[in-house]
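It should be emphasised that the depicted structure is a prediction, and the values quoted were computed from it without experimental measurement. Along the sequence shown, the residues carry numbers beginning at 1.
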Amino acid sequence: MSVFKSFITSDVIVSPFEVNKSFTFQGNELTGSNVGIDRYIGRNVISSLWVSGSYPTGQINIQDQILIYRSIRELYYSNYISGSDGSPAATASFNTDGTITGAAYTPNYYNYLSSTLLADRYIPTGSNETIGVISVPSNLFGESLKPGTVSISNGTIILTDDGNGNMINSSLKYGDVIYEHGIIIITSDGTPGQNDGYGYVNYGTALYGGGTISIIDSFITGSNITCSFQSTLTILETQYKCTLRENEFNFSTNPTIISGSSNSGIVYNFATGSYFSPYVTTVGLYDNSYNLLAVAKLAQPLPTSAVTDTSILVNLDL
């Protein structure tokens, strides 16, 4: 026999846990209305004259290649303009006469590093050099791309992230991934053989087609592309411990237990014996003003006990 009851909560525990969902998109699926993964070319045009729209890029939202390059450079590489290991620390000397000898400024920007173990990044700074940018919308990646799950392929080369923000193929690094922004950056014209002694630190060049431009173009403008990743979303699970004492709720409130007229107050004979015990199927959670806030369903009916307390744990995922 089912019965609806409300209990007094004695304990509340809130626990966060991460939920991941896997995605894989190929070719034209990337630009679908329910996906929206866009790809851009960023170009370093060194000129005092800039005309908007001169270098269009983008498969869904058209942007300017110059602005793409400058935005990526300022957001993620501003500490690495002078080298992939970061700008050297200033070693200025402050003289007794009030003058300063040597460099007194060191760039100190927040570049969204995924790990301090391998804080190397490279962006080409030569005139007309390019980068590739793949932008995953937040409705797909949630709070961030899950480290170690990002993979892109152009049909010839597969780039995967190593969990530390590096897009690699074998021991060669081709770019970076900014997990919290859903951004994959290909800067494949770095210097091969450069090694700082930890992990994947070599930059690949000219391994596809005739040069690095072909690598970037194949990922950004080519149709034979596959993009895979996992999203992350933190869900807060609130656990309510509802305790039913042995002397509480030992009689059913289910109206079908009444025989005859609902106003007669006469219950069926089977419910009058000492062996009778109602079953709990649903738990209602109320506030102090007795407003029903949530309803929990038990997986199977639970008999109440007349000799010991009964505790029911209700989990709410928010």
Report the residues that fulfil side-chain contact (heavy atoms from CB on, under 4.5 Å) with [X], sequence neighbours left out, ordered by chain and then residue number.
X: L67; result: W50, D64
X: N315; result: E237, Q239
X: I225; result: L30, R39, I134, F219
X: N111; result: S78, N79, Y80, Y109, R121

- [ ] Please name the residue in the list I123, I186, I41 that meets the side-chain contact (heavy atoms from CB on, under 4.5 Å) test with I131.
- [x]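 Single pass found, and it is I123.
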TODO: Scan D161, I152, I183, N164 and name whichever one has a side-chain contact (heavy atoms from CB on, under 4.5 Å) with V177.
DONE: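 Of the listed options, the one satisfying the test is D161.
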Just by modelled atom types, is the [Y] backbone N or O under 3.5 Å from a matching donor or acceptor in the [X] side chain?
X: D309; Y: E246; answer: yes
X: E143; Y: T234; answer: yes
X: N154; Y: I157; answer: yes
X: S144; Y: K146; answer: no
X: D38; Y: N61; answer: yes

Any chance you could measure [X], atom [atom1], to [Y], atom [atom2], to the nearest 0.5 Å?
X: Y77; Y: Y112; atom1: OH; atom2: OH; value: 14.0 Å
X: I60; Y: I62; atom1: CD1; atom2: CD1; value: 9.5 Å
X: K173; Y: Y122; atom1: NZ; atom2: OH; value: 12.0 Å
X: I168; Y: L159; atom1: CD1; atom2: CG; value: 9.0 Å
X: E248; Y: S305; atom1: CD; atom2: OG; value: 12.5 Å
X: Y40; Y: I68; atom1: OH; atom2: CD1; value: 6.0 Å

Task: Pairs involving residues 131-142, ordered by first then second residue, that meet side chain to side chain donor-acceptor pair (under 3.5 Å) (sequence neighbours left out) - done: none
- [ ] Flag yes if I81 and L75 sit in one hydrophobic cluster, no otherwise; membership is Ile, Leu, Val, Met, Phe, Trp, Tyr, and two members link when side-chain heavy atoms are under 4.5 Å apart.
- [x] yes
TODO: Indicate, with yes or no, if I66 and I46 share a hydrophobic cluster defined by side-chain heavy-atom contacts under 4.5 Å among Ile, Leu, Val, Met, Phe, Trp and Tyr.
DONE: no
side-chain hydrogen bond (donor to acceptor under 3.5 Å, both in side chains) partners of [X], counting only residues at least two apart:
X: R73; answer: none
X: Y55; answer: none
X: S114; answer: none
X: S54; answer: none

Over all atoms of both residues, closest heavy-atom pair of [X] and [Y]:
X: Y279; Y: P301; value: CD2-CB, 3.7 Å
X: N44; Y: T125; value: ND2-O, 2.8 Å
X: C242; Y: V314; value: SG-CG2, 4.1 Å
X: L236; Y: P16; value: CD2-CB, 3.6 Å

Open item on the list: I'd like to know whether L316 forms a side-chain contact (heavy atoms from CB on, under 4.5 Å) with L285, so could you lay out the CA-CA distance, the side-chain angles of the two residues, the decisive distance to 0.1 Å, and finally the verdict.
Closed with: CA-CA 11 Å; L316 288 179; L285 299 180; 4.2 Å; yes
Identify each donor-acceptor pair in which a side-chain atom of residues 20-27 lies under 3.5 Å from a protein atom, sequence neighbours left out, and give them as a table.
{"residue": "N20", "atom": "ND2", "partner": "E18", "partner atom": "OE2", "Å": "3.0"}
{"residue": "N20", "atom": "ND2", "partner": "S231", "partner atom": "O", "Å": "3.1"}
{"residue": "S22", "atom": "OG", "partner": "Q230", "partner atom": "NE2", "Å": "3.3"}
{"residue": "T24", "atom": "OG1", "partner": "S228", "partner atom": "OG", "Å": "3.1"}

Taking side chain as C-beta onward, heavy atoms only, is [X] less than 4.5 Å from [Y]?
X: I37; Y: T31; value: no
X: F229; Y: V136; value: yes
X: T130; Y: D217; value: no

What side-chain donor-acceptor pairs closer than 3.5 Å can you find for residues 289-300, not counting sequence neighbours?
{"residue": "N291", "atom": "ND2", "partner": "D287", "partner atom": "OD2", "Å": "3.2"}
{"residue": "K297", "atom": "NZ", "partner": "T282", "partner atom": "OG1", "Å": "3.4"}

Open item on the list: Within a 6.0 Å radius of atom CD1 on I158, are there more than 12 heavy atoms belonging to other residues, nucleotides or ligands?
Closed with: no
TODO: Apply the test side-chain contact (heavy atoms from CB on, under 4.5 Å) to residues I215 and Y174: give CA-CA distance (whole Å), side-chain angles for both, the deciding distance (0.1 Å), then the verdict.
DONE: CA-CA 9 Å; I215 296 174; Y174 283 79; 4.0 Å; yes
